[in-house]
Number of protein chains: 2
Amino acid sequence: MARTTGSDGERTEAAVREAAVNLIARHGYEAMSMRRLAAEVGVQAAALYRYFPTKEDLLFTLMREHMEGLRQAWEHARPTDADPAEQLAAYVRNHIAFHIERRHATHVSNMELRSLSPDRLTQILRMRTAYEKELRSILREGAEAGDFSIEDTGLTAMALIQMMTGVIVWFRPGERLSVTEVTATYLSMTMRLVGARMDTDSAARPSDVQRTL
Amino acid sequence: MARTTGSDGERTEAAVREAAVNLIARHGYEAMSMRRLAAEVGVQAAALYRYFPTKEDLLFTLMREHMEGLRQAWEHARPTDADPAEQLAAYVRNHIAFHIERRHATHVSNMELRSLSPDRLTQILRMRTAYEKELRSILREGAEAGDFSIEDTGLTAMALIQMMTGVIVWFRPGERLSVTEVTATYLSMTMRLVGARMDTDSAARPSDVQRTL
DNA sequence: ACAATAATAAAACGAACGTTCAATTAATTC
DNA sequence: GAATTAATTGAACGTTCGTTTTATTATTGT
């Protein structure tokens, strides 16, 4: 047989991406065979090569678009003319919301870096570093303004990111806690961790957190 | 050829374990072939099967002994008759020290769980849960005693563990910060995060942290 | 309706995989 | 020093892998 009735390139490619994210997140990139992926989509393995020249190209595409999406989400969520505490709160909210919505894709982007070729690895890491740099800037400005009390900006940024991203490891929607509750708790933990002063009308105040979530 | 001069089962098995931890941490379990592992040890692939009946048995052994080592380390480091802040400080110190010393093994135990058979996965997760439970107990007792102010014990425990374990992702010995400095900063971040009261002579006080490290 | 193009199937490629087996040699035991 | 045991090799097994090639059919444009 050959082309099947109702076949559509765009739909097939989208189905391949979605199935690939799920399979890689569940079994790992190396453990996912192109035949298994094709079966998931309902197509023969050879058909995949119409959309992605190699298996690694597929992985890289998924990662690049995930990182690009993260950058865009922050660009959109980032407040203008806000004090450091409000900026930090926005960063935390955006980070947690984005990663909870994309648990599988985040797993792929974080755990399969070693399967990329050196220059592609560099590209992804560059995007990640740029995103993390935004957090460091907020922390530094907050520390300089006296709003935060931080010992080491770089180390604190890494600790916060690991803490926030770690949500996807244990969080399951529909269990004990809602996304709103989790986000609120992480916000207050973050604010305490950076020693945020609580004497202003910033978004860091618990009551405010509930309202602006 | 056959048995080689100077060959020794114990030495070979130890070499296999060490090489396996490094290879799996760097390239992933699925990406590590038995032939590549054997080459690293300086032996033929068939020789590996004298020590581990299957590839998965090798992985499981590495993970089980890592988790068992963590349990023993905490059993030894755990203070008796200490207030919650001191116990928490001991937990943080032990956790960071253990994981920095065993970066590769930790990577294996955290990232290759999906390659285990269901019942072996359950065994490893049980060990992990038991270890995490210790932290939850400390947090709960501290909260009940009024030493900590915590919104959600379980969520705080997960956040702390993710934050601390995350050290191995970015920490490289011999770079900007020493293990001692990193541990001290993580200790004070932890104490702020749990809202530890600073009005007692606990190990949570920065000056004390420096002394008891 | 007919040509051009898009989307797939089917089969095959060589390479690599985990694992097994028989043969062989080194070390140990008696 | 002969018998036994421990450690390893080299070759092979069947399977699966990513990928390529060729043929075939559906859709689109004219």
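A, B, ... follow the sequence lines: proteins, then strands. Residue 1 opens every chain.
Rounded to whole Å, the distance from CZ on Arg11(A) to P on dA6(C) is 17 Å. A straight line from CE of Met34(A) to C1' of dA9(C) spans 16 Å, rounded to a whole angstrom. Atoms CZ (Arg35(B)) and P (dA16(C)) sit 10 Å apart, rounded to a whole Å. For the pair Tyr49(B) OH and dT20(C) C1', the interatomic distance rounds to 9 Å; values are reported in whole Å. Whole-Å rounding puts the Phe52(A) CZ to dA7(C) P distance at 13 Å. Tyr29(B) has its OH atom 8 Å from the P atom of dG18(C), to the nearest Å. Atom CG in Leu37(B) sits about 10 Å away from atom P in dG18(C), given to the nearest Å. Counting to the nearest Å, the C1' atom of dT19(C) and the CZ atom of Arg50(B) are 16 Å from each other.
By the 4.0 Å N-to-carboxylate-O rule, Asp152(B) lies too far from Arg136(B) to be salt-bridged with it. The pair Glu13(B)-Arg50(B) does not count as a salt bridge, with every side-chain nitrogen at least 4.0 angstrom from each carboxylate oxygen. Arg17(A) and Glu65(A) are joined by a salt bridge, as a carboxylate oxygen and a charged side-chain nitrogen come within less than 4.0 angstrom of each other. Between Arg176(B) and Glu181(B) there is no salt bridge, since no side-chain N of the basic residue sits under 4.0 Å from a carboxylate O of the acidic one.
Of the listed nucleotides (dT19(C), dT19(D), dT8(D)), dT8(D) has the atom at the smallest distance from the side chain of Ala47(B). Nearest nucleotide to the Val43(B) side chain, out of dT8(D), dT19(D), dA9(C): dT8(D).
Of the candidates Arg64(A), His66(A), Gln72(A), Gln72(A) is the only one forming a side chain to side chain donor-acceptor pair (under 3.5 Å) with Glu68(A).
Remark on DNA chain C: of its neighbouring residues Thr54(B) and Ala45(A), the 5'-side contact belongs to Ala45(A), judged by nearest-heavy-atom nucleotide.
Put simply, Gln44(B) has no side-chain N or O that comes within less than 4.0 Å of OP1 or OP2 on dT8(D). Dashed line: the shortest gap from a side-chain N or O of Thr12(B) to OP1 or OP2 of dT8(D) is under 4.0 Å. Under 4.0 angstrom from either OP1 or OP2 of dC17(C) there lies at least one side-chain N or O belonging to Ser33(B). In terms of phosphate contacts, Tyr51(A) brings a side-chain nitrogen or oxygen within less than 4.0 Å of OP1 or OP2 of dT8(C).
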